[in-house]
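Chain identifiers are assigned alphabetically (A, B, ...) following the order of the sequence lines, protein sequences preceding nucleic acid strands; residue numbering begins at 1 within each chain.
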2 protein chains.
Amino acid sequence: MAGLPRDSGDARDTVVTLARSLGVAASTVSRALRGDPRISTKTRRRVEALAAERGYAPNVLARTLASGHSGLIALSLGPISNPFYVELMQEAVIQAAARDLRLLLLHAGAGPIEDQTAQTLLQYQVDGCLITSAELSSHAARICAVHNVPVVMVNRVPKLHASAIACDNFLGGQDLARLLLGGGHQRFAIIRGNPDSSTSIERERGFAEMLKNHGIDFDLRINGGSTYEGGFAAGRMFAEMPRDRQPDAIFAVADIMAMGVVDALRIGGIRVPDDISVVGFDGIAQGAWPAYAITSVQQPIAAMVSRGLDLLTARIGTSTVPDEVVLLRGELILRRSARLPVRMAA
Amino acid sequence: MAGLPRDSGDARDTVVTLARSLGVAASTVSRALRGDPRISTKTRRRVEALAAERGYAPNVLARTLASGHSGLIALSLGPISNPFYVELMQEAVIQAAARDLRLLLLHAGAGPIEDQTAQTLLQYQVDGCLITSAELSSHAARICAVHNVPVVMVNRVPKLHASAIACDNFLGGQDLARLLLGGGHQRFAIIRGNPDSSTSIERERGFAEMLKNHGIDFDLRINGGSTYEGGFAAGRMFAEMPRDRQPDAIFAVADIMAMGVVDALRIGGIRVPDDISVVGFDGIAQGAWPAYAITSVQQPIAAMVSRGLDLLTARIGTSTVPDEVVLLRGELILRRSARLPVRMAA
DNA sequence: TTGAAAGCGTTACCAG
DNA sequence: CTGGTAACGCTTTCAA
């Protein structure tokens, strides 16, 4: 006999026990419970009533075995020292539940997804993968491709076989540059995140291009690793520069770095934004703290998750839908960390 | 025929296909793969070799159906605006993977676990629940109790049928009070988190009791809701008090609130720690940021998760192990937000 | 040491 | 509209 002798009193209901109690077939119960239109209203009512009364919960694992769909989405989170990913996760939990999908938390952190973890994708028959930031290892990507598991990257444009949803980082970078130009700034610096990530690259590109359009070049480009500490180190470097070579506007490509920059500048005796303006990107909640008040581009997190799940569900069970990359426009949030023009342009 | 016509080329291996290729029985493959000692070394080698070559991954869901164990742990996170829970989650992901357990992310946020979500526990046959902070709804708790699913609460002493692992909040509160007394402080205030949570209550109790032992009473007790904003509001209130009624030491029972307090005090023109000392609890990474440098009690997160998983695994599959509450000692972290005695006592 | 077969709970197909 | 039955992939008991 298979099956562990779970606790004795624990006689859990199944479609079979329900069917017996009602004097119908198991298949009828199964159909009734999932609203198959062929079942008579009367029968369905009876089945639903008994199921509710007994607190019946279908065994999803058995269902998966028979149907091929687990309702499981693998979630892989980027470095969660960046609150942006935490907000993304929170939103994903809420929206996945609303769509009757469950999240299998595969990975959280800066590192790559380990090959061993990738096995889990197969073992648990996940219907799809939601990846934030960390690139899938090529091993994991191959597994997904071979087994036809759709992959959606959030906040990252994919190199591999995958769909993606992201904020339009290029436009956002442009918006920030335009804002700073309007504020009369002249000497610019940028603090990159991970210099390989599409996110960081695009933001920088938009920013630099807009400046270039106005005849401005700059070469102060530092890598900050998308961490507070990285931003802080960069800020300290700027604070220690001779006054005449200091930038008067700094773009940190992630709010969390911008916060580090602000702290370092202030500790160095530099006023923000009076001496130097600082702008960030992401729109994390902490950026609004009064000690920072970071001017930023707010990523549309709810919409990103929603569209991301759309992309995913559209590809579950078929291999005919081609990969797709969706860019959503972020919103400029004006706060106190950046000087504004005396007369704000529209 | 059951099963969706997954993609055609996608002929995924099973124990049966492996068995056929080797000319042995499926049961032999199954046994070999799990190291059943009855299988000859030679046969096992052959099986393992082929499995590796074909990239075979067992279908855990089918295994669950047969064995009763899913390897799935339901994870329910507290309000993640508090980075403490994020650190806890990160640690849980790492340690669960190391034990070959997977985390099903059920809930994240301040609210209670919804009844609908509780159904998921059953549907996915989770082996156990790891709950941080948010109390399980009584409905969910009943489900776990009836179906013999062990529950471990982290950072929270349970009211219901559950085991628990937490920092010794009472002792931590005492430690902080002792430190502040040593620093010569005389007028105290406390900012509570959620006033119903055991965590907040115990920290307050330890703090107040130690002061009482030194003949000191205080009645400045504010609810801060365990958020930055709550701490900020409380801090502003203190800043606006007449100087002679202001406290000279504030204990915010969570670091995230302490950060809000510090910001509000400084904006109000009060120096920290020169005018007022502020201490927190949790030891979150952000508390170490140079702008805050919060003196705090560091919770032993890794140990908490590790022991928490111990408690859980010990109770999976049996109902004979009684519930257990484990308290771990936190570590006092001295930083710059609190004045120290001129001669620091040991 | 290995094989055969039953069973886990569900869904899907084919009859009726 | 409903019933019966096979099948999903694995583990486990029983027999050899």
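Distance His69(A) NE2 to dC8(D) C1': 14 Å, rounded to the nearest Å. Rounded to whole angstrom, the span from the CD atom of Gln125(A) across to the C1' atom of dG9(D) amounts to 9 Å. Rounded to whole Å, the distance from CG on Asp36(B) to P on dT12(D) is 9 Å. Between the NZ atom of Lys42(A) and the C1' atom of dT2(D) there is a distance of 12 Å, rounded to whole Å. In this structure, CG of Asn59(B) is placed 7 Å from P of dG9(D), rounded to the nearest angstrom. Atom pair Leu61(B):CG and dC8(D):C1' shows a separation of 11 Å (rounding to whole Å applied). The interatomic distance linking Arg63(B) (CZ) with dT12(D) (P) rounds to 9 Å, in whole Å. For the pair Arg20(A) CZ and dG3(D) C1', the computed distance is 15 Å after rounding to whole Å.
Between the side chain of Thr28(B) and the base of dG3(C), no donor-acceptor pair under 3.5 Å is found.
A search for side-chain contact (heavy atoms from CB on, under 4.5 Å) contacts involving Ala25(A) returns Ser27(A), Thr28(A), not counting sequence neighbours. Residues satisfying the salt bridge (charged side-chain N to carboxylate O under 4.0 Å, His left out) test with Asp196(A), not counting sequence neighbours, are none. Qualifying side-chain contact (heavy atoms from CB on, under 4.5 Å) partners for Ala62(B), counting only residues two or more places apart in sequence or in other chains: Leu65(A), Asn59(B). Remark: Thr64(A) pairs with Val60(A), Ser70(A), Gln125(A), Leu61(B) by the side-chain contact (heavy atoms from CB on, under 4.5 Å) rule, at least two apart or across chains.
For the helix from dT1(C)-dA16(D) to dG16(C)-dC1(D), the axis fitted to the five pairs at one end and the axis fitted to the five pairs at the other end meet at an angle of 40° (nearest 10 degrees).
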Please tabulate the protein-to-nucleotide N/O contacts below 3.5 Å involving nucleotides 14-16 of chain D, giving atom names and distances.
none

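Under the 3.5 Å distance criterion, the side-chain polar atoms of Gln123(B) are left unmatched by any main-chain donor or acceptor of Pro58(A). A donor-acceptor pair under 3.5 Å links the side-chain atoms of Gln95(B) to the main chain of Ala302(B), judged by distance alone.
Nearest nucleotide to the side chain of Ser67(A), out of dT11(C), dG9(D), dT11(D): dT11(C). Out of dC10(D), dT10(C), dA4(C), the shortest distance to the side chain of Ala25(B) is found at dA4(C). Here the nucleotide nearest the side chain of Thr43(B), chosen from dT1(C), dG7(C), dG9(C), is dT1(C).
Side-chain contact, Ser40(A) with Thr43(A): a donor N or O sits under 3.5 Å from an acceptor N or O. Looking at Thr132(A) and Arg156(A), their side chains never bring a donor and an acceptor atom within 3.5 Å of each other.
Contact annotation: Ser30(A) side-chain N/O to dT11(C) OP1/OP2 distance is under 4.0 Å. Between dT2(D) and Ser40(A), a contact under 4.0 Å exists linking OP1 or OP2 to a side-chain N or O. Close to dG9(D), at under 4.0 Å from its OP1 or OP2, lies no side-chain N or O of Tyr56(B).
Contact annotation for Val60(B): no contact, since no heavy-atom pair falls under 4.0 Å across all strands.
Between Thr41(B) and Ala62(B), the residue whose closest nucleotide on DNA chain C is further toward the 5' end is Thr41(B).
Around the CZ atom of Arg54(A), the shell of radius 6.0 Å holds more than 12 heavy atoms that belong to other residues, nucleotides or ligands. Counted within 6.0 Å of CZ on Arg99(B), heavy atoms from surrounding residues, nucleotides or ligands total more than 12; the atom is thus considered enclosed.
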